[in-house]
2 protein chains.
Amino acid sequence: MDVSDPEDPFSEMDPQACPTAEAMDVVGTEWRMNVLHDLQNGEMRFNELKEATGASSRTLSQTLDALMDAGLVDRRMEEASPVATYYSLTEKGEALGPVFDELDAWAREWVDPDEVEG
Amino acid sequence: MDVSDPEDPFSEMDPQACPTAEAMDVVGTEWRMNVLHDLQNGEMRFNELKEATGASSRTLSQTLDALMDAGLVDRRMEEASPVATYYSLTEKGEALGPVFDELDAWAREWVDPDEVEG
DNA sequence: CGGCATCCCTTTTGATACTG
DNA sequence: CAGTATCAAAAGGGATGCCG
């Protein structure tokens, strides 16, 4: 009479069950994907990312927090007066490049701006 | 004093600006990615997806709705008595295969179950 | 400039119940 | 089995103000 069904392979979606599930847990939000995508072009400052993604400072801040926490993004701060912060991909983050490349290819092939049919 | 800054290249993130942005708009949620990923292995029934993804019937229903709306998923219903519905990827949906392949590869390479360092 | 705190509204999601 | 409807809780996200 255990709570969890013994027949069930993974009672409640253990992310461990499938690495891809873990991956989606980390990358699976639009904000995170957008930031990651934008950073593929190299390091960017907070406000640059803010404008590029359209996120509010609060949202961007949280997103970057999550990404740094996941080890996908690195922060570099300059000790200057107005403070300059630069965000960039870690090796782990850059390793996602191929994923975005494929997504990009897919988008260009299947997501047409006007659903062109002619 | 207009609300939108004339200097701003794309006042409010036109998805059209970048096809990839569009793509992320369509695939960029964990539920959608999970369903899409699960369907890569072939057609599945509603309840199978429900158990596989851990989504509630309401959530799964909405997710499938969005995916069908985006033309990524197809529905096939059998006119039997208890009603059997099967969901599968459309050509457009299957075209996302490489994306998941890459994501999978990345996950296996960078997302270790125990963060193994040995 | 970077980013945290607060207020508050919107969206998402889960339970639960009900229908064909 | 495959959903839909309803309700209430939780998370997400924007606006604004403030501080280092």
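Here is how names work: the chains are called A, B, and so on, in the same order as the sequence lines, proteins then strands, and each is numbered from 1.
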Worksheet item: Out of D:dC1, C:dG3, D:dG3, which has the shortest distance to the side chain of A:Phe46?
Response: C:dG3

Worksheet item: Of the nucleotides C:dG14, C:dA5, C:dG2, which one has an atom closest to the side chain of A:Val83?
Response: C:dG2

Worksheet item: Where the side chain of A:Arg58 is concerned, which of C:dC4, D:dG3, C:dT6 is the nearest nucleotide?
Response: C:dT6

Worksheet item: With side chains defined as the heavy atoms from C-beta onward, is the minimum distance between B:Asn47 and B:Lys50 less than 4.5 Å?
Response: yes

Worksheet item: Whole-Å distance between D:dG12 P and A:Glu30 CD?
Response: 14 Å

Discussion item. Below the 4.0 Å mark, does C:dG3 have OP1 or OP2 next to a side-chain nitrogen or oxygen of A:Ser61?
Written reply: no

Worksheet item: Between A:Arg76, A:Met68, A:Glu48, which is the residue that forms a side-chain contact (heavy atoms from CB on, under 4.5 Å) with A:Tyr87?
Response: A:Met68

Practice prompt. Could you tell me the separation between the CZ atom of B:Arg32 and the P atom of C:dT13, rounded to a whole number of Å?
Written response: 9 Å

Worksheet item: For A:Trp31 and D:dG13, is the shortest distance between a side-chain N/O and OP1 or OP2 below 4.0 Å?
Response: yes

Discussion item. Rounded to whole Å, please give me the gap between CE in B:Met77 and C1' in D:dA2.
Written reply: 7 Å

Worksheet item: Could you state the CZ-P distance from B:Arg76 to D:dA2, rounded to the nearest angstrom?
Response: 11 Å

Worksheet item: Between D:dC1 and B:Tyr87, is there an OP1 or OP2 to side-chain N/O distance shorter than 4.0 Å?
Response: no

Discussion item. Counting only side-chain nitrogens and oxygens, does B:Thr59 get under 4.0 Å of the OP1 or OP2 atom of C:dG14?
Written reply: yes

Worksheet item: For A:Leu60 and D:dG14, what is the distance between atoms CG and C1' respectively, to the nearest whole Å?
Response: 13 Å

Worksheet item: Does some side-chain heavy atom of B:Asn34 sit less than 4.5 Å from a side-chain heavy atom of B:Thr29?
Response: no

Worksheet item: Roughly, in whole Å, what's the span from CD in A:Glu78 to P in C:dC1?
Response: 14 Å

Worksheet entry | Gap between atoms CG and P, on B:Leu64 and C:dT13 respectively (whole Å) | 13 Å

Worksheet item: Does the side chain of A:Met24 reach to within under 4.5 Å of the side chain of B:Phe100, using non-hydrogen atoms?
Response: yes

Worksheet item: Which part of the nucleic acid does B:Ser57 contact within heavy-atom distance under 4.0 Å: base, sugar-phosphate only, or nothing?
Response: base

Worksheet entry | Heavy-atom check, side chain of A:Phe46 versus side chain of A:Leu64, under 4.5 Å | yes

Worksheet item: Nearest-Å distance, CD (A:Glu48) to P (C:dC1)?
Response: 11 Å

Worksheet item: So which nucleotide from C:dG3, D:dT4, D:dA2 ends up closest to the side chain of B:Arg45?
Response: D:dA2

Worksheet, complete the sentence: Comparing nearest nucleotides in DNA chain D, the 5'-proximal residue of the pair A:Thr63, B:Ala84 is B:Ala84

